[in-house]
Amino acid sequence: MASDSLRRLAADFKQFLAAQDEEDIIPAVAPKRAAAVVSVSKTVNSHALPPMKEGETLTVEFVKATPKETVPVATTENAMNTAQKTKALEELAETIRNCSRCPLGSTRINAVPGEGNIDTDVMFVGEGPGFDEDRQGRPFVGRAGKLLDRMIAAMGLTREKVFIANIAKCHPMTDPLHPEKHGNDRAPNAQEIACCRKYIEQQIAIICPKYVIALGGVAAKSLISDAKSLSALRGRFYNLHLDSVELPRPVQIIATFHPAALLRNPGWKKDAWNDLQLVMDALGLKGARK
Ligand code: URA
């Protein structure tokens, strides 16, 4: 295609994007709206879009430059008090409970927004609810959750002292037609993660913990925005950068193994413990160490 046509196409696409609300540019909706677009394979607000075709086969790459969302968050000058945080998080949880941005919204029993101490220094983020979480509407209450409780206790903390949430807020199932089946859990896919992303970002920005501990590869890759394997990402801190909201102050993130993976591979517990000790050292926690 001649470069003039390409430039025109680029301008059309930029205009198209500028005219859309963020809500309209989720992967499920964008292909139907992208009349001027031949094929898109890059990011819009950093959310991966599926390839789109309209007539030709050219690939166009753009990023929509939208201002970051303003959610009520704490700032050093204007710290949100506990009551304000509670209100903001409860409103967000209500939005999550009513969410149907992706197909998981129609197969869930309960959305699982997350729970815990909203003034905490430590936030744990898993990948998504499983069978038990879907039934109770609470994060990490199944077998993996019991191990997470022990990991938290080993750090010298309790579940009530930290905040626990997930990247995906609804239960991803391999066989959604049979929700009563056990062993039906799967990791959230790219579309589900993209649709849910702003929720975890807003939760982190409102709570603004000192440390986020990403449990497993899905949470680690998504929040560190790096496609490397969990083994390559774990064991060190990163500065957390969010796509849709500004953090009021720096937050560090560290990745470690998901408790479900530790149940399957107990030999990895030593490495997980080393990761948790980095957070304990940073916070001056003595934990349950002998
Ligand atoms: N696994 C997760 O990632 N999150 C939960 O809440 C439960 C199991």
Side-chain angles (χ1 to χ4, degrees), residues 89 92-93 96-97 99 102 104-105 107-118 120 122-153 155 157-176 179-197 199-204 207 209 211-224 229-231 233-234 253-266 268-269 272 275-276:
L89 285 168
L92 186 54
I96 293 168
R97 288 186 201 105
C99 179
C102 84
L104 296 184
T107 55
R108 69 172 174 238
I109 299 172
N110 286 296
V112 183
E115 65 182 26
N117 181 348
I118 61 177
T120 188
V122 185
M123 187 161 168
F124 288 87
V125 181
E127 65 182 37
F131 182 95
D132 296 302
E133 290 76 19
D134 193 18
R135 272 143 190 85
Q136 296 189 38
R138 299 180 54 214
F140 282 98
V141 290
R143 264 189 84 219
K146 300 288 169 263
L147 178 53
L148 179 60
D149 289 349
R150 294 208 298 278
M151 291 160 70
I152 293 170
M155 294 175 74
L157 296 167
T158 60
R159 229 181 132 95
E160 293 68 37
K161 288 191 176 146
V162 301
F163 197 91
I164 305 175
N166 282 299
I167 296 285
K169 305 302 190 192
C170 301
H171 183 197
M173 284 177 268
T174 46
D175 181 1
E180 72 289 354
K181 265 195 343 201
H182 282 273
N184 197 3
D185 305 337
R186 64 167 170 81
N189 64 31
Q191 182 199 354
E192 292 151 2
I193 292 172
C195 290
C196 247
R197 186 178 177 92
Y199 298 139
I200 189 66
E201 292 204 348
Q202 290 178 11
Q203 287 176 315
I204 294 172
I207 295 166
Y211 296 95
V212 170
I213 302 178
L215 298 168
V218 169
K221 289 175 203 183
S222 170
L223 290 178
I224 300 172
S229 68
L230 176 65
S231 322
L233 293 174
R234 56 159 289 275
I253 178 164
I254 189 168
T256 194
F257 294 105
H258 192 287
L262 296 176
L263 288 172
R264 292 190 298 271
N265 305 280
W268 296 351
K269 284 185 182 171
D275 297 333
L276 298 182

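Quick note: numbers below take in every heavy atom, side chains included, and nothing from hydrogens, waters or symmetry partners. Remember, it's 1-based here, ligands and their atoms both numbered in the order they're listed.
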inquiry  = Quick check on contacts: which atoms of ligand 1 are under 4.0 angstrom from a heavy atom of Gly128?
reply    = 1 (N), 2 (C), 3 (O), 4 (N), 5 (C), 7 (C), 8 (C)
ask   = If you draw the axis of the six-membered ring of Phe140, does the NZ or CZ of Arg138 fall within 45° of it and under 6.0 Å from the ring centre?
value = no
query = Nearest 0.5 Å, what's the CG-SG distance between Asn110 and Cys170?
reply = 9.0 Å
task = Supply the atom-to-atom distance Phe163 CZ to Ile118 CD1, rounded to the nearest 0.5 angstrom.
result = 8.0 Å
inquiry  = For Phe131 and His182, I'd like to know if the aromatic rings sit close, meaning centre-to-centre distance below 6.0 Å.
reply    = yes
task = With heavy atoms of Gly126 as the reference, note each atom of ligand 1 found under 4.0 Å away.
result = 3 (O)
query = Any side-chain heavy-atom pair from Pro129 and Asn166 closer than 4.5 angstrom?
reply = yes
task = Select one of side chain, backbone, both or neither to describe which atoms of Glu127 lie under 4.0 Å from any atom of ligand 1, heavy atoms only.
result = both
request  = For atom 4 (N) of ligand 1, grab the closest protein heavy atom and report residue, atom and distance to one decimal in Å.
outcome  = Asn166 OD1, 2.8 Å
ask   = Just which atoms of ligand 1 are under 4.0 Å from any heavy atom in Pro139?
value = 6 (O)
ask   = Does the pair Asp134/Arg108 count as a salt bridge with the N-to-O cut at 4.0 Å?
value = no
message = Please report whether ligand 1 has a polar contact with Phe140, defined as an N or O pair separated by less than 3.5 Å (distance criterion only).
response = yes
remark   = Looking only at non-hydrogen atoms, the one of Arg143, His171, His258 nearest atom 1 (N) of ligand 1 is His258
